[in-house]
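The block underneath contains the structure these notes are about, expressed in structure tokens.
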Amino acid sequence: MDQVMDYTEPACAKLNLTLDILGKRPDGYHEMRMVMQSIDLADEVNISGSPEPGFHVSADLPYLPRGEGNIAHKAASRFFEQTGLPPAGLSVRIHKRIPVCAGMAGGSSDGAAVLRVLRRAYAPQLPDSRLEEIGALVGSDVPYCIRGGTVLAEGRGEKMTSLPGLPPCWFVVCKPACSISTPELFAQVRVRKLRCHPDTAGLLAALEHGDLEGAARRMYNVFEDVLPRRYAQVFEIKSLLLELGAMTASMTGSGPAVFGLFREKAAAETAAGALSGQYPAVFLCQPAPPFPEGKKNLENPV
């Protein structure tokens with residue numbers, strides 16, 4: 001990469017409109033079926049050439065890893081390793097807006113942003129499918145975060161089908177102060193004992209017909225079935241969102257962030273304002289389109 005080159009790439013957060021676990025795979029991972037939606041809450045990832053060899057990662061949150069433990073570093077390493085291109089000195093600076101440890105793929109989205117920029121700068125001929133394959137070596141959510149938009153993700157998340165986008169709507173996203181361990185939740189899952197599953201087929205049909213109410217009725221996350229009692233705030237936030245007029249409310253990913261879906265901006269603004277006095281991180285968001293169309297989206301925090 002030319003040392004004077006400088007890219008700033010948005011890294012959009014994701015929401016799980018549905019999350020279903022179908023069983024345990026022979027490789028130790030779980031077989032998943034999820035409908036994912038990117039939103040216009042985004043980190044900013046700046047990547048520039050550096051005269052120093054290697055990859056130098058920094059973030060405006062001091063507790064985030066700065067070296068090989070950061071997924072942005074891993075993404076750069078995998079890109080050069082998999083393309084066979086000689087690695088260049090890179091400086092990666094991350095401005096965080098997506099809450100950390102929220103179930104919103106903030107780290108994965110940062111890694112995906114790095115891969116998109118490196119493709120643009122170094123290998124513009126590299127097809128999307130190959131970039132997503134590289135992303136799968138970085139993390140399960142990274143292939144989706146490379147693509148963005150509304151997507152059915154299966155397997156570990158690497159088998160993706162792009163879907164029609166949601167009709168015009170608004171999300172209020174709220175993260176309580178607690179964090180949830182993803183491995184802990186997976187350890188709690190007994191697929192045969194899960195009481196409820198999302199109606200994924202019904203959601204796909206609703207998206208095809210532009211039916212927001214139909215889509216809302218079918219959003220669900222099976223992790224809510226196995227959530228330990230100490231995370232009761234998740235259900236408190238869900239109840240508040242529904243009381244404030246949300247069409248539906250659900251936890252995203254392994255949580256603890258919760259989103260409420262609203263058709264009208266005014267109702268979403270009222271709900272966001274009500275929650276912002278009680279919880280540390282509340283965001284008013286809209287669905288984001290797939291990349292590259294989603295590049296210019298920025299978040300709208302409350």
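Hydrogens, waters and symmetry mates are skipped; everything else that's a heavy atom, side chains included, is used. The structure presented is a predicted model; accordingly, all values stated were derived computationally and were not measured.
Cluster membership for I98 and L64, using ILVMFWY side-chain heavy atoms within less than 4.5 angstrom, is not shared. Linking ILVMFWY residues whenever their side-chain heavy atoms come closer than 4.5 Å, directly or via other members, places V138 and F80 in the same cluster. Y29 and M32 fall into different hydrophobic clusters, where Ile, Leu, Val, Met, Phe, Trp and Tyr are joined by side-chain heavy atoms under 4.5 Å apart, directly or via other members. One hydrophobic cluster, built from ILVMFWY side chains closer than 4.5 Å, holds both M247 and L207. Note on L137: it does not cluster hydrophobically with L126, by side-chain heavy-atom contacts below 4.5 Å among ILVMFWY residues.
To the nearest 0.5 Å, atoms NZ (K14) and OG1 (T150) are separated by 13.5 Å. Remark: E9 CD to L115 CG distance equals 10.5 Å, nearest 0.5 Å. Distance check, rounded to the nearest 0.5 Å: OG of S50 to CG of L90 gives 8.0 Å. Atom-to-atom distance recorded for L22:CG and E31:CD is 6.0 Å, nearest 0.5 angstrom. With rounding to the nearest 0.5 angstrom, the CD1 atom of I237 is 3.5 Å from the SG atom of C174. The line from CG of L240 to CZ of F235 is 13.5 Å long, rounded to the nearest 0.5 Å.
N221 and S250 are not linked by any side-chain donor-acceptor pair at a separation below 3.5 angstrom, with hydrogens and angles left out of the test. For the 3.5 Å distance criterion, the side chains of Y220 and N16 fail to qualify, holding no donor opposite an acceptor.
Judged by distance alone, the side chain of T252 and the main-chain N or O of G103 form a donor-acceptor pair under 3.5 Å. No donor-acceptor pair under 3.5 Å is formed between the side chain of D43 and the backbone N or O of S109. D20 places no side-chain N or O within donor-acceptor distance of the main-chain N or O of H197, the cut-off being under 3.5 Å. No donor-acceptor pair closer than 3.5 Å links the side chain of R230 to the backbone N or O of L227.
Note on ring orientation: taking the six-membered ring where Trp is involved, the planes of F259 and F171 are perpendicular (angle over 60°, cut-offs 30° and 60°). Taking the six-membered ring where tryptophan is involved, the planes of Y122 and F79 are tilted, since the angle between them lies from 30° to 60°.
Y231 is not listed as a side-chain neighbour of P176, based on a closest heavy-atom distance of 4.5 Å or more. Side-chain contact between C169 and P287 is present, with at least one heavy-atom pair separated by less than 4.5 Å. L241 has its side chain out of reach of T248: every pair of non-hydrogen atoms, C-beta onward, lies at least 4.5 Å apart. Proximity of P124 to R119: side-chain heavy atoms (C-beta onward) are nowhere separated by under 4.5 Å. The side-chain heavy atoms of V114 and V92, taken from C-beta on, include a pair separated by under 4.5 Å. Taking 4.5 Å as the limit, some side-chain heavy atom of I21 sits within range of a side-chain heavy atom of F223. Looking at heavy atoms from C-beta onward, D27 lies in side-chain contact with R156 at the 4.5 angstrom threshold. Side-chain atoms of F291 and C12, non-hydrogen and from C-beta on, do get closer than 4.5 Å to each other.
In this structure, H209 places its NE2 atom where only 12 or fewer heavy-atom neighbours from other residues, nucleotides or ligands lie under 6.0 Å away. Within a 6.0 Å radius of CD in E264, other residues, nucleotides and ligands contribute 12 heavy atoms or fewer. Within 6.0 Å of CD on E81 lie more than 12 heavy atoms contributed by other residues, nucleotides or ligands.
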side-chain contact (heavy atoms from CB on, under 4.5 Å) evaluation trace for S77 with F55: CA-CA 8 Å; S77 298; F55 312 132; 3.4 Å; yes
Intermediate values then yes/no, side chain to side chain donor-acceptor pair (under 3.5 Å), T8 and E44: CA-CA 6 Å; T8 297; E44 283 187 6; 5.7 Å; no
Full working for side-chain contact (heavy atoms from CB on, under 4.5 Å) between V172 and L284: CA-CA 5 Å; V172 174; L284 179 65; 4.1 Å; yes
Residues L152, T200; criterion side-chain contact (heavy atoms from CB on, under 4.5 Å); working and verdict: CA-CA 9 Å; L152 172 67; T200 305; 4.0 Å; yes
Derivation and outcome, side-chain contact (heavy atoms from CB on, under 4.5 Å), residues L212 and L166: CA-CA 7 Å; L212 187 62; L166 284 165; 4.1 Å; yes
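Closest of all the heavy-atom pairs between T18 and V35 is OG1-N, 2.9 Å. The minimum heavy-atom distance between S108 and I71, with the atom names listed, is CA-CD1, 3.9 Å. Closest approach of A112 and V142 over heavy atoms only: CB-O, 4.0 Å. For P256 against C101, the heavy-atom pair with the smallest separation is CD-O, 3.3 Å. Between Q82 and R130, the shortest heavy-atom contact is OE1-NH2, 2.9 Å. Annotation for L41 and C285: closest pair CB-SG, 4.0 Å, computed over non-hydrogen atoms.
Applying the salt bridge (Lys or Arg N to Asp or Glu O under 4.0 Å) test to pairs two or more places apart or on separate chains, those with a residue in residues 205-218 are D199-R218, E213-R263. Applying the salt bridge (Lys or Arg N to Asp or Glu O under 4.0 Å) test to every pair with at least one member in residues 135-155, sequence neighbours left out, gives these pairs: R33-E154, E132-R147.
Checked for salt-bridge contact, R195 and D225 meet the test: a charged N lies under 4.0 Å from a carboxylate O.
Tested against I94, the residues D60, N70, L61 include a single side-chain contact (heavy atoms from CB on, under 4.5 Å) partner, N70. Exactly one of K96, K74, R93 qualifies for a salt bridge (charged side-chain N to carboxylate O under 4.0 Å, His left out) with D110. That residue is K96.
In this structure, S179 has no side chain to side chain donor-acceptor pair (under 3.5 Å) partners at least two apart in sequence or on a different chain.
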